[in-house]
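Structure first, commentary second.
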There are 2 protein chains.
Amino acid sequence: MNTLAEENYLKSIYHLSLNDENVSTNQLAALLNTKASSVTDMLKKLADKTLINYTPYQGVTLTAAGEKIAVNIIRKHRLWEFFLVEKLSFKWDEVHEMAEEMEHISSNELIDRLDKFMDYPKYDPHGDPIPDSDGKFKLHDLKPVSAIEVNTCGVICGVRDHSSSFLQYLEKQGLTIGKKITVNDIIEFDRSMILQMENKTLQISREVANNLLITI
Amino acid sequence: MNTLAEENYLKSIYHLSLNDENVSTNQLAALLNTKASSVTDMLKKLADKTLINYTPYQGVTLTAAGEKIAVNIIRKHRLWEFFLVEKLSFKWDEVHEMAEEMEHISSNELIDRLDKFMDYPKYDPHGDPIPDSDGKFKLHDLKPVSAIEVNTCGVICGVRDHSSSFLQYLEKQGLTIGKKITVNDIIEFDRSMILQMENKTLQISREVANNLLITI
DNA sequence: TAATAAATTTAGACAAACCTAAATATTTAT
DNA sequence: ATAAATATTTAGGTTTGTCTAAATTTATTA
């Protein structure tokens, strides 16, 4: 078994790997709220366990073994988030911290039964895909709202930013998972966007449009 | 907040306090699977935080603050055990280890909602009372089967031993929570007991009778 | 391409929670 | 009441995961 700290490093490396092939020490330090020297120590330890490929100064990638562990933690995190929202009626902006603790509950039998109990959900409350018990999952083909043209429409299927302030803002505007929106206009001055959604018109900043993900 | 180790010490002191007013260093070392010297270190730390009353060589008691924390952990443990059995269909002998991890999930809001989700259960799968959100709970008036006379009857409401081997044995014999039993006879030689339960007759050892709890 | 800046690693410490071995208190038994 | 046995604490280490400060490597830029 791995320690809590090791699990958090593997998870962070996995997340950062989605953007960059090689993950740097400083990226990890920033994400994990720690110092670069602490990261170096841990990278040596994870490399000794052959969970990562580590070349000093060159950053890291996960090995197959490391990725398997990371995906399993993400599976647990997302299933617990789903549980908290669907069964315990938490809001989508309230569950992240709790799931950060719950993802480390070790039993796989438990998580598989939880999965079954909730009828094998495919996406968590933020639209992120939930890996199945073999670690497999499908990504939607998602684009930020900011990437689409005037007069095209799409369905909200995810968010890039998971902060509660962003999620609360979206909730208040009714911009939640599954809603159909159309881009009516783009303001030239600041590239903010005018959206149509269920008879209502609303305006969102470029910043918001960049972080709101849709399928066409 | 308290560390995981601190929480486990407080919980253990609480459990041991039910039998002995003052809890000794060695009792804690045995229960926590650690060494007496390690216990001494932790007792000093908990005393500094005024969670226990500690006089060197004289053992410890919980302060009101310490007891509150201990009872809250026990509340969480028992609610999660109930969840695992009632919602995820685990058997009563399978849930202890998982609940040992889950009891440390910090959110009280989470546990209160879980409590509500399950409709405020009063007893866990082993018959132990679940403290409410104010830490209050009622004990059944329980006696071991070994303490009752021939031709008296009672309802199984708890177990003294929580080991999975004991629980599995009881399960196999059908001696589960809620079952009504009558003591038909006591064998003089080894004081084993002949029980009547739902048309069946079965014999249990003194050892089993000591660990099976009933209400009259 | 040499100097500077930025990123990373190394060296040496620290706190938490544990350990062993030795010292000290308390309890039990003769 | 004292010797022996038992329980507990103290002293000094270890490991994990963190830190700061200094050294080193890589990247940038003039």
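Per chain, numbering begins at 1; letters A, B, ... match sequence-line order.
- Rounded to a whole Å, the CG atom of B:L28 is 9 Å from the P atom of D:dT8.
- Taking every heavy atom of residues 4-21 of chain B and every atom of DNA chain C, pairs under 4.0 Å involve B:A5, B:Y9, by number.
- Of the possible polar contacts, none joining the B:D20 side chain to the B:V23 backbone as a donor-acceptor pair under 3.5 Å is found.
- In this structure, CG of A:N22 is placed 12 Å from P of D:dA27, rounded to the nearest angstrom.
- Ionic pairing of A:E7 and A:K11 is not present here: no N-O contact between side-chain nitrogen and carboxylate oxygen is shorter than 4.0 angstrom.
- A heavy-atom distance below 4.0 Å to DNA chain C is reached by none of the residues of residues 47-56 of chain B.
- Distance check, rounded to the nearest 0.5 Å: CG of B:N211 to OH of B:Y169 gives 11.5 Å.
- Within the structure, ring-ring contact (aromatic ring centres under 6.0 Å, His included) contacts touching residues 55-77 of chain B (residues at least two apart or in different chains) are B:H77-B:H96.
- Between B:F83 and A:F83, the distance from one ring center to the other falls under 6.0 angstrom.
- Listed by first then second residue, pairs satisfying salt bridge (charged side-chain N to carboxylate O under 4.0 Å, His left out) with a partner in residues 71-90 of chain B read B:R75-B:D112, B:R75-B:D115, B:R78-B:D124, not counting sequence neighbours.
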Provide a list of protein-nucleic acid N or O atom pairs under 3.5 angstrom, restricted to nucleotides 19-25 of chain C.
from   : atom 1 : to    : atom 2 : distance (Å)
C:dC19 : OP2    : B:T34 : OG1    : 2.6
C:dC19 : OP2    : B:K35 : N      : 3.0
C:dC19 : OP2    : B:S38 : OG     : 2.6
C:dT20 : OP2    : B:K35 : NZ     : 3.2
C:dT20 : O4     : B:S37 : OG     : 2.8
C:dA25 : O4'    : B:Y57 : OH     : 3.3

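- Under the ring pair (Phe, Tyr, Trp, His ring centres under 6.0 Å) criterion, A:Y14 pairs with no residue at all, not counting sequence neighbours.
- Interatomic distance, B:Y9 OH to B:L32 CG, rounded to the nearest 0.5 Å: 5.5 Å.
- When each of A:N72, A:I74, A:L46 is checked for a side chain to side chain contact (heavy atoms under 4.5 Å, CB included) with A:L10, only A:L46 meets the rule.
- For the pair A:N26 CG and D:dT26 C1', the interatomic distance rounds to 13 Å; values are reported in whole Å.
- Rounded to an integer number of Å, the gap from B:L32 CG to C:dC18 C1' is 12 Å.
- Rounding to the nearest 0.5 Å places CG of B:L142 at 10.0 Å from CD1 of B:I216.
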